[in-house]
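Here the structure is laid out as structure tokens; the discussion comes afterwards.
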Amino acid sequence: MATASLNPTPVSPAARLTDSHGRVIHDLRVSITDRCNYKCVYCRTGEVGAQYPELTIEEYLRLICLFVSLGVTKVRLTGGEPLLRRGLVELVQELARLRTLAGDPLDLALTTNGHLLDSLAGPLKAAGLDRVTVSMDAVDAPTFERITRVPGSFEKVLAGIRAARDAGLTPLKINCVLVRGFNDGQVEGFAHFARREDVVVRFIEFMPLEEGRLWSPEIVVPLKEIVSRIGRVLPLVELPPREASETARRYGFLDGAGEIGIIAPVTQAFCGACSRVRLTSDGKIRTCLFSQVEHDLYGRMREGETDNELRAYIFRTVQGKEARHHIGEPGFLKPSRSMVHIGG
Ligand code: SAM
């Protein structure tokens, strides 16, 4: 596969990605399709399909190389549903050959609904993927399938999770978005699931990023409630963060077996430690999930800008990263794209 800059040209430390709030940006999330084979009720209306064009695998690779040459060390592929994207394994193979500015392999991860992971976990691991995060919003099949609106999805995802674990795509994280009235009854079941399946379950507070209009503060299941409910059945101890930009608050079970995490962007926002920037499936930079503007990196590439010009554009764009989101505040505006079209 031909790429413009497979080995990123080193740049001076001053050119590494930082924003005007002093945050170092080293974590890139790339959506490689906004198609999805699930219609999760809290995410999609069920009426809207893919909305944005996809780039070629070579184009994603060239854009990712630019970010790596500016200090990105961690790349997470996402979507839509990234396992639907043809050329994914080849993309992972190429990304695994990249080196960070320090000369290390990238930290390569992928977020998936797990539906196709059963057969893809092995090839992805062999291609050089380090870890996967599987989204799973219920531990019982009927509730799960009411959420995904796909019959048979629970068994498929469970098989995918086990295949990923067996392939060594670990530590295996399971992300569960809790939405009151849909799956808030699953909290305790997930705590047992984490221990039984030897996975880290992370609960995520629901954010106003859905295609429809479902979000309200009352529908969010807050961190405090999750911790106290699990603590009543399985006592928890808070664990120290592994790194400053870690999004999840970590908890271990008192007997030492298993771990859960809680990502609380609504009740305990972590914007001050944000190290992320996103690239949409059509090649736009988003500096925050809640950005009101997008930055057309791909458009510039298509017009023939050089790698150095594109790097300068990325640098300037990231400088303007928003200080924080404004969920729940008066005047809050939803972004123009919903989560499935941004890349979670
Ligand atoms: N299809 C892949 C998957 O299911 O993991 C990747 C894309 S999906 C949009 C990424 C993650 O975003 C999933 O864990 C999903 O549950 C989460 N998500 C979707 N809408 C959300 C919302 N409004 N608030 C919080 N998380 C959301």
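Annotation: ring-ring contact (aromatic ring centres under 6.0 Å, His included) contacts of F67 (sequence neighbours excluded): none. With sequence neighbours excluded, no residue forms a side chain to side chain contact (heavy atoms under 4.5 Å, CB included) with D198. Taking the ring-ring contact (aromatic ring centres under 6.0 Å, His included) definition, one finds that H325 meets it with F290, sequence neighbours left out. Under the side chain to side chain contact (heavy atoms under 4.5 Å, CB included) criterion, E246 pairs with P241, R242, E243, R250, sequence neighbours left out. Under the rule for a side chain to side chain contact (heavy atoms under 4.5 Å, CB included), the partners of S338 that lie at least two apart in sequence or sit in another chain are E211, V340, H341.
Of the inter-residue distances, the one linking D282 atom CG with Y298 atom OH reads 10.0 Å to the nearest 0.5 angstrom. The line from CZ of R286 to CG of L297 is 14.5 Å long, rounded to the nearest 0.5 Å. Atom CD1 in I342 sits 9.0 Å away from atom OG1 in T280 (nearest 0.5 Å). Interatomic distance, R278 CZ to L289 CG, rounded to the nearest 0.5 Å: 3.5 Å. Going from atom CG of L66 over to atom CG of L310 covers 5.5 Å, rounded to the nearest 0.5 Å. A distance of 8.5 Å separates CG of N113 from OG1 of T148, quoted to the nearest 0.5 Å.
Applying the ring pair (Phe, Tyr, Trp, His ring centres under 6.0 Å) definition to pairs two or more places apart or across chains, none involves residues 242-271. Pairs engaging residues 148-159 under the salt bridge (Lys or Arg N to Asp or Glu O under 4.0 Å) rule: none recorded [sequence neighbours left out]. Evaluation of the ring pair (Phe, Tyr, Trp, His ring centres under 6.0 Å) test over residues 82-123, restricted to residues two or more places apart or in two chains, returns Y38-H115. For residues 129-144, every residue pair satisfying the salt bridge (Lys or Arg N to Asp or Glu O under 4.0 Å) rule, not counting sequence neighbours, is listed here: D107-R131. Within the structure, ring pair (Phe, Tyr, Trp, His ring centres under 6.0 Å) contacts touching residues 15-37 (residues at least two apart or in different chains) do not occur. Pairs engaging residues 149-194 under the ring pair (Phe, Tyr, Trp, His ring centres under 6.0 Å) rule: F144-F154, F190-F203 [sequence neighbours left out].
T317 is not listed as a side-chain neighbour of V277, based on a closest heavy-atom distance of 4.5 Å or more. Two residues are said to be in side-chain contact when any heavy atoms from C-beta on lie closer than 4.5 Å; E322 and S291 meet this criterion. In this structure, Q268 and I262 have side chains that are not in contact, with every pair of non-hydrogen atoms separated by 4.5 Å or more. Under the 4.5 Å side-chain criterion, counting only non-hydrogen atoms from C-beta, I285 is not in contact with E294. Counting heavy atoms from C-beta on, the side chains of Q186 and C176 never come closer than 4.5 Å. Counting heavy atoms from C-beta on, the side chains of T111 and P82 never come closer than 4.5 Å. Residues L55 and L63 are in side-chain contact: their nearest non-hydrogen atoms beyond the backbone lie under 4.5 Å apart. Residues E94 and E58 are not in side-chain contact: their nearest non-hydrogen atoms beyond the backbone lie 4.5 Å or more apart.
Taking each heavy atom of M301 and R62 in turn, the nearest pair found is CG-NH1, 3.4 Å. Scanning both residues, A194 and I260, for their nearest heavy atoms gives CB-CG2, 4.4 Å. Residues A273 and S245 approach most closely at O-CB, 3.2 Å, considering heavy atoms. Closest approach of L214 and V41 over heavy atoms only: CD2-O, 4.2 Å. For G79 against S31, the heavy-atom pair with the smallest separation is CA-OG, 3.5 Å.
Between the side chains of E81 and T33, no donor-acceptor pair is found at a separation under 3.5 Å.
By the 6.0 Å contact criterion, CZ on R213 is open, its count of non-hydrogen atoms from other residues, nucleotides or ligands being 12 or less.
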task: Take T133 and R76 through the side-chain hydrogen bond (donor to acceptor under 3.5 Å, both in side chains) test and state the conclusion after the steps.
output: CA-CA 10 Å; T133 298; R76 176 174 292 276; 3.1 Å; yes

message: Between E303 and E309, is the side chain to side chain contact (heavy atoms under 4.5 Å, CB included) condition met? List the steps.
response: CA-CA 11 Å; E303 279 160 21; E309 286 167 332; over 6 Å; no

- request: Show the numbers, then the answer: is there a side chain to side chain contact (heavy atoms under 4.5 Å, CB included) between M207 and V266?
  value: CA-CA 7 Å; M207 294 179 278; V266 180; 4.2 Å; yes

query: Under the side chain to side chain contact (heavy atoms under 4.5 Å, CB included) criterion, do T267 and K224 qualify, and how do the steps go?
result: CA-CA 9 Å; T267 66; K224 276 189 182 158; over 6 Å; no

- prompt: Between E54 and I32, is a side chain to side chain contact (heavy atoms under 4.5 Å, CB included) present by the stated rule, with each step listed?
  reply: CA-CA 7 Å; E54 293 169 13; I32 54 173; over 6 Å; no

- request: List the steps and the verdict of salt bridge (charged side-chain N to carboxylate O under 4.0 Å, His left out) for E238 and R249.
  value: CA-CA 8 Å; E238 189 159 2; R249 298 271 285 265; 3.0 Å; yes

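N183 contributes no side-chain N or O that, together with a main-chain N or O of A138, makes up a donor-acceptor pair within less than 3.5 Å. Side chain of Y42 to backbone of W215: no donor-acceptor contact under 3.5 angstrom is found. Between the side chain of K321 and the backbone N or O of T287 there is at least one donor-acceptor pair closer than 3.5 Å. Of the possible donor and acceptor atoms, one in the side chain of T112 sits under 3.5 Å from a partner among the backbone N and O of G114. Using modelled atom types, no side-chain atom of R165 and backbone atom of V199 make a donor-acceptor pair closer than 3.5 Å. For T56 (side chain) and E59 (main-chain N/O), a donor-acceptor pair under 3.5 Å exists by modelled atom type. A distance-only check finds a donor-acceptor pair linking the side chain of K334 to the backbone of E210 [under 3.5 Å]. Judged purely by atom type and a 3.5 angstrom limit, R23 uses its side chain to pair as donor or acceptor with the backbone of C271.
Cluster annotation: V134 and I263 are assigned to distinct hydrophobic clusters (Ile/Leu/Val/Met/Phe/Trp/Tyr, side-chain heavy-atom contacts under 4.5 Å, transitive). Residues M339 and L84 fall into different hydrophobic clusters, defined by Ile, Leu, Val, Met, Phe, Trp and Tyr side chains chained together at heavy-atom separations under 4.5 Å. Hydrophobic clustering of Ile, Leu, Val, Met, Phe, Trp and Tyr side chains at less than 4.5 Å, counting indirect connections, unites V221 with L234. A single hydrophobic cluster is seen to contain both L77 and L117, as judged by linkage of ILVMFWY side chains at heavy-atom distances under 4.5 Å, directly or through other members. Under a hydrophobic-cluster definition in which Ile, Leu, Val, Met, Phe, Trp and Tyr are linked whenever side-chain heavy atoms come within less than 4.5 Å, directly or via other members, V177 and L158 are assigned to different clusters.
Taking the ring centre of Y52 as origin, the terminal cationic atom of R337 falls inside the region bounded by 6.0 Å and 45° from the ring axis.
In the hydrophobic clustering, where aliphatic and aromatic side chains (Ile, Leu, Val, Met, Phe, Trp, Tyr) are joined below 4.5 Å either directly or transitively, V48 stands alone.
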